[in-house]
Amino acid sequence: MSLTDREQGASSSPATPPPAGGRRGRTSVADVVRALTVGDLPVRIVGYDGSVLGPADSGITLSIRSERGLTYLLTAPGDLGMARAYVSGDLGLEGVHPGDPYEALRVLKDELRVRVPPLTEGLALVRGLGWERLLPPPPPPQEAQPRWRRVMNGLRHSRLRDSTAISHHYDVSNAFYEKVLGPSMTYTCAVFRSPDDSLEQAQAAKYDLIAGKLALKPGMRLLDVGCGWGGMVRHAAREYGVKALGVTLSREQARWAQAAIEREGLTELAEVRHLDYRDAPREQFDVVSSIGLTEHIGVRNYPAYFRALRDRLRPDGRLLNHCITRADNRAPHRSGAFIDRYVFPDGELAGPGRLIGEIHDVGLEVHHEENLRQHYALTLAAWCGNLVENWDFCVSEVGHGTARVWGLYMAGSRLAFETNGIQLHQVLATRNGPDGQTSYPLRPDWTP
């Protein structure tokens, strides 16, 4: 099945060669591919000019369908150019479903070897293609502005700029998210007791694990920052009798979550507000959870962020921070071009050591942490499965380009978690009383 749409002319067969008098004799798409790769190709590549490379029986075909697609690839080498060509429909992937191109990404990552050609070779290619190939086409409408242009919305991680970045990702369509995320409407890593668990079972297990770590009991007060569609808030209220408040920067998330709270009859215990975490009530809560927010706040803001959570936590209260991290503390904080432009503008990740260190440095005591990396790979596989199953609806809701972004992003993220490129860490900490006083038990009072 093609990753591009059939009405755009997807085909597993080579394109018709150009007629006599056309571009014959000029640089072909195959020439460009040969110049930019080393060794045997793991996939078949078909150019808009009829040129073909790679094994016919590979099972996966990349179709460069237009001059614009080739120009995207040449003017933004790497994942950004490929994303632009793919999202726009100028690059086709055949042999995988658009909602889950995981297998194609795996093959390309493991087996495709690229190179930068020498200057003289590169100039010869450009002369053969035409110098206009060096003029970048306008990017697809799904692409966020480059970092340098975002200053119009304020400095990095200012309130307005954070609000704009959150809206870019989360205010896509609640109906779209319902199909991709499933009934729980939970957009964070689930916890699988077995790979055979359903997504809903695993998401409920994740919330129960967090509830156990926080030692939730009826009557306690929970603040959940970056609460998404209110999954933790509703679960804590419904299953544990906790009075829970969630805050999110996404207006659409808050609207959906509050409606869900009313549908489930939880208005006496649960509430979700459209708020920046910095504007959350300053009263002290028994417990605080942050599930998937830390990725958005900026690494340099960790001290202020954890101070804000600490100050909203009563003495002897517990904090649970759940977030994606780098695999080590030496990796760059900022995300790659595709993630930054199409998925999480201004998103940043740090290593787990940096995260734990920052929590300690604001006066909280860390008692436990665990890495759920493998669980996130399973979660993403399930979300891709939902997107495949509901592809036609999702396309009707958000359009082909945005649906392609999501398939590409989730499948690529699954691969990154599987190969330990990124991780997911839960960190449990307490705000101790004077002289280190804490009621945290000698051994955990929750089931790992």
Side-chain angles (χ1 to χ4, degrees), residues 177 181-191 193 199-250 253-275 277 280-294 308-310 312-314 316-323 364 367-368 370 372 375 379 424 426-431 439-441 444-448:
Y177 278 111
L181 303 181
S184 75
M185 278 293 272
T186 299
Y187 186 30
T188 51
C189 174
V191 173
R193 303 298 182 189
L199 179 61
E200 291 307 300
Q201 289 172 324
Q203 291 293 11
K206 182 264 300 294
Y207 286 136
D208 282 333
L209 178 63
I210 293 173
K213 289 179 177 180
L214 292 175
L216 294 187
K217 295 178 178 61
M220 293 178 70
R221 301 184 68 243
L222 163 70
L223 172 65
D224 186 35
V225 295
C227 68
W229 288 271
M232 182 66 198
V233 168
R234 290 180 288 121
H235 190 88
R238 182 178 59 248
E239 304 297 330
Y240 295 89
V242 169
K243 189 171 180 60
L245 170 65
V247 298
T248 172
L249 256 182
S250 167
Q253 284 184 333
R255 181 179 65 81
W256 190 98
Q258 198 57 37
I261 287 169
E262 293 171 6
R263 285 196 307 271
E264 296 176 23
L266 297 172
T267 53
E268 294 299 315
L269 289 175
E271 180 186 1
V272 169
R273 300 179 191 173
H274 175 230
L275 280 179
Y277 76 92
R282 293 188 175 275
E283 57 203 270
Q284 292 189 328
F285 292 80
D286 297 297
V287 289
V288 174
S289 57
S290 174
I291 309 171
L293 173 61
T294 316
L309 302 189
R310 178 205 63 196
R312 288 164 174 80
L313 191 62
R314 67 164 173 80
D316 207 30
R318 297 188 188 186
L319 163 71
L320 189 288
N321 195 87
H322 167 120
C323 73
L364 297 168
H367 293 273
H368 185 272
E370 66 175 311
L372 299 174
H375 296 258
T379 306
L424 187 290
Q426 280 190 359
V427 180
L428 177 65
T430 57
R431 180 180 183 181
S439 63
Y440 192 83
D445 50 2
W446 43 272
T447 302

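This is a predicted model, so every value here is computed, not measured. All values below were derived from every heavy atom in this structure, side-chain atoms included, with hydrogens, water molecules and symmetry-related copies excluded.
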Could you walk me through whether Val233 and Leu245 pass the side-chain contact (heavy atoms from CB on, under 4.5 Å) check? CA-CA 7 Å; Val233 168; Leu245 170 65; over 6 Å; no

I'd like to know whether Gln253 forms a side-chain hydrogen bond (donor to acceptor under 3.5 Å, both in side chains) with Thr248, so could you lay out the CA-CA distance, the side-chain angles of the two residues, the decisive distance to 0.1 Å, and finally the verdict. CA-CA 7 Å; Gln253 284 184 333; Thr248 172; 2.7 Å; yes

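Of the charged side-chain nitrogens involved, at least one lies within less than 4.0 Å of a carboxylate oxygen, so that Arg318 and Asp445 count as a salt-bridged pair.
Around atom CZ of Arg263, more than 12 heavy atoms belonging to other residues, nucleotides or ligands sit under 6.0 Å away. The environment of CD in Glu283 is crowded: more than 12 heavy-atom neighbours from other residues, nucleotides or ligands sit within 6.0 Å.
Remark: the backbone N or O of Arg310 is paired with a side-chain donor or acceptor of Arg431 at under 3.5 angstrom. Side-chain N or O atoms of Gln203 include one that pairs as donor or acceptor with a backbone N or O of Thr188 at under 3.5 Å. Remark: the backbone N or O of His322 is not paired with any side-chain donor or acceptor of Gln426 at under 3.5 angstrom. Side-chain atoms of Lys206 come within 3.5 Å of backbone N or O of Cys189 as a donor-acceptor pair.
Between the side chains of Ser184 and Tyr207, no donor-acceptor pair is found at a separation under 3.5 Å.
Cation-pi geometry between Arg312 and Phe285 is not met: the NZ or CZ atom fails to fall both under 6.0 Å from the ring centre and inside 45° of the normal.
The minimum heavy-atom distance between Ala190 and His375, with the atom names listed, is O-CB, 3.2 Å. Annotation for Glu200 and Gly182: closest pair OE2-C, 3.8 Å, computed over non-hydrogen atoms.
Side-chain contact check for Trp446 versus Ile210: every heavy-atom pair is 4.5 Å or farther apart. The shortest side-chain heavy-atom distance between Glu239 and Leu216 does not fall under the 4.5 Å cut-off. Taking 4.5 Å as the limit, every side-chain heavy atom of Asp286 sits out of range of all side-chain heavy atoms of Leu222.
The aromatic rings of Tyr440 and His367 sit parallel to each other, their planes meeting at less than 30°, with 60° as the upper class boundary.
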